[in-house]
Amino acid sequence: MLILNKTARVFFKPSKRKVDGFLRSFNFHPGILFLHKIVLGIETSCDDTAAAVVDETGNVLGEAIHSQTEVHLKTGGIIPPVAQQLHRENIQRIVQEALCASGISPSELSAIATTIKPGLALSLGVGLSFSLQLVDQLKKPFIPIHHMEAHALTIRLINKVEFPFLVLLISGGHCLLALVRGVSDFLLLGKSLDIAPGDMLDKVARRLSLIKHPECSTMSGGKAIEHLAKQGNRFHFDINPPMQRAKNCDFSFSGLQHVIDKIIMQKEKEEGIEKGQILSSAADIAAAVQHTTACHIAKRTHRAILFCKQRDLLSQSNAVLVVSGGVASNLYIRRALEIVTNATQCTLLCPPPRLCTDNGIMIAWNGIERLRAGLGILDNIEGIRYEPKCPLGVDISKEVAEAAIKVPRLKMKI
């Protein structure tokens, strides 16, 4: 945990003159409140600088985003100081573009919502510092946002999903299962014990040197794996899903990554090629790792559904599973989850791909949800902290493990 007023000088603090100049490009009157709720959302938790303006009916009035993907592809992963500098260079422009596209004057905003946890410390610091300058100048309420809460609630922007529902959040930085009972009321059923699935897929893609593959050179690691897997045969490699004996809802992906590393090393020896060259079996390896990942995620999710139904935490007849986060855009993994929801009489809902990855819309919408519920709306911003690591909700994963629910075997014909 880092206290903002001690760290803003180190990370990023736009000058008052700069912010004043930014605001003068709009016609506004500080402190004016409007009856119609409108929130500006700002997101800088990792490697995307994003902002959006959303109203209480779910209309996206304006949005803008600057992706750093191309830069980080060249460096082989996200380098926090590089991400920080790119946020610094783009945040004012992105917020201005979102506001201009919305046609909303800053004075018409009901509040400003910003991701403050969890994420990369250097990235969070940029978004929070800029936001607090705006809040101070505009005299508007500030709504601190938990990044994973925002992902979980995004579905309610586009679907009439009532509480409670089960959410699976899978991305490059996170993996968890939680029961959503309210806007800020979560029961954590399980999480990754090591790395996230997106991180693991990225590392496998780098180990396979897929950036050198003509069809994958502009894709992120996870997208490259999904693309190449379509051409491969998963049956060429027999890989067991992780944690098969653990009757809980936790995940693990680091062991799977090590297994794949060993397979790649063995195939490099067999094919007589050096590390960094493309294996002839790359597509088969991609297909195998994607299938194993999908089966692991599906089984833990299946157990979570059964646990919630046994404890009457979810409806027996019309339960909803929401899947969000960057990895949720993987259609193969979605189909594995469809097999689970069909077997358990649940409805599977996923936000569109552009709302699965990090974006300003989900932050603004989370702000709307909190504004309507009267939760976490701050008029005093002194001492606001950002938290690089922060759990979501109340952890009941031990209770899930103690239930030791045996999951029926499903045929994963995807």
Side-chain angles (χ1 to χ4, degrees), residues 12-45 48-66 87 90-116 126-147 149-150 153-154 156-158 183-184 354-355 358-382 384:
F12 177 65
K13 189 172 184 179
S15 67
K16 186 176 185 297
R17 183 184 301 173
K18 192 174 182 180
V19 173
D20 285 345
F22 164 71
L23 292 174
R24 274 198 297 272
S25 63
F26 301 93
N27 294 317
F28 80 99
H29 304 282
I32 291 181
L33 294 176
F34 289 78
L35 294 177
H36 195 49
K37 292 183 177 67
I38 303 171
V39 171
L40 167 66
I42 297 175
E43 156 65 22
T44 65
S45 68
D48 288 320
T49 312
V53 180
V54 176
D55 71 13
E56 62 185 318
T57 63
N59 289 322
V60 179
L61 306 177
E63 63 170 311
I65 187 167
H66 176 83
H87 284 308
N90 291 285
I91 189 166
Q92 180 170 312
R93 174 180 62 83
I94 290 300
V95 172
Q96 194 159 12
E97 284 179 10
L99 283 167
C100 286
S102 73
I104 296 296
S105 163
S107 59
E108 295 176 82
L109 295 171
S110 306
I112 294 171
T114 303
T115 307
I116 71 160
V126 176
L128 184 53
S129 297
F130 185 86
S131 299
L132 295 186
Q133 289 278 351
L134 278 184
V135 167
D136 184 56
Q137 293 295 307
L138 293 171
K139 309 303 178 191
K140 297 291 183 180
F142 180 64
I143 307 175
I145 298 296
H146 191 298
H147 186 74
E149 178 179 300
L153 297 177
T154 301
R156 285 165 51 86
L157 174 72
I158 52 174
V183 170
S184 64
R354 73 185 188 95
L355 294 181
D358 294 350
N359 61 87
I361 295 171
M362 70 179 193
I363 306 304
W365 176 249
N366 197 169
I368 289 288
E369 291 263 36
R370 282 184 162 270
L371 206 56
R372 290 194 301 207
L375 294 168
I377 305 155
L378 307 180
D379 292 311
N380 182 357
I381 57 174
E382 187 178 347
I384 296 291

For residues Gly376 and Pro144, report the shortest heavy-atom separation together with the two atoms involved. O-CD, 3.4 Å
Who passes side chain to side chain contact (heavy atoms under 4.5 Å, CB included) against Glu63, sequence neighbours left out? Ala52, Val60, Arg354, Ile361
Side chain proximity check, Ile368 to Lys37, heavy atoms < 4.5 angstrom: yes
Could you tell me if the side chain of Asn359 sits less than 4.5 Å from the side chain of Thr154, heavy atoms only? no
What's the spacing between Ile94 CD1 and His87 NE2 if we round to 0.5 Å? 11.0 Å
When rounded to the nearest 0.5 Å, the distance separating CD1 of Ile91 from OG1 of Thr44 is 5.5 Å
Could you please spell out the steps behind the side chain to side chain contact (heavy atoms under 4.5 Å, CB included) verdict for Val39 and Val54? CA-CA 6 Å; Val39 171; Val54 176; 5.8 Å; no
What pairs with Glu149 under salt bridge (Lys or Arg N to Asp or Glu O under 4.0 Å), at least two apart in sequence or on another chain? Arg370
Student check: side-chain heavy atoms of Leu128 and Leu132 closer than 4.5 Å: yes
Worked check of side chain to side chain contact (heavy atoms under 4.5 Å, CB included) between His36 and Asp55: CA-CA 7 Å; His36 195 49; Asp55 71 13; 3.4 Å; yes
Please find the pair of heavy atoms, one from Ala50 and one from Ile65, that lie closest to each other, and give the distance. CB-CG1, 3.8 Å
Nearest 0.5 Å, what's the CG-CG distance between Leu153 and Asn366? 5.0 Å
Please report the shortest heavy-atom distance between Ser131 and Gly127, naming the atom on each side. OG-O, 2.7 Å
Decide yes or no on side chain to side chain contact (heavy atoms under 4.5 Å, CB included) for Leu99 and Val53, but give the supporting numbers first. CA-CA 7 Å; Leu99 283 167; Val53 180; 3.9 Å; yes
With sequence neighbours left out, the residues meeting side-chain hydrogen bond (donor to acceptor under 3.5 Å, both in side chains) with Asp358 are His147, His151
How close do Ile363 and Gly41 get, heavy atom to heavy atom, and via which atoms? CG2-CA, 4.1 Å
Give the minimum heavy-atom separation between Pro141 and Val135, together with the two atoms involved. O-CG2, 4.5 Å
If you round to the nearest 0.5 Å, how far is CG of Leu134 from NZ of Lys140? 12.0 Å
Output the distance between atom OG (Ser102) and atom CG (Leu109), rounded to the nearest 0.5 Å. 7.5 Å
I want to check something: taking the side chain as every heavy atom from C-beta on, are Thr114 and Phe142 in contact at a cut-off of under 4.5 Å? yes
When every non-hydrogen atom of Ala51 is compared with those of Ala98, the smallest separation belongs to O-CB, 3.7 Å
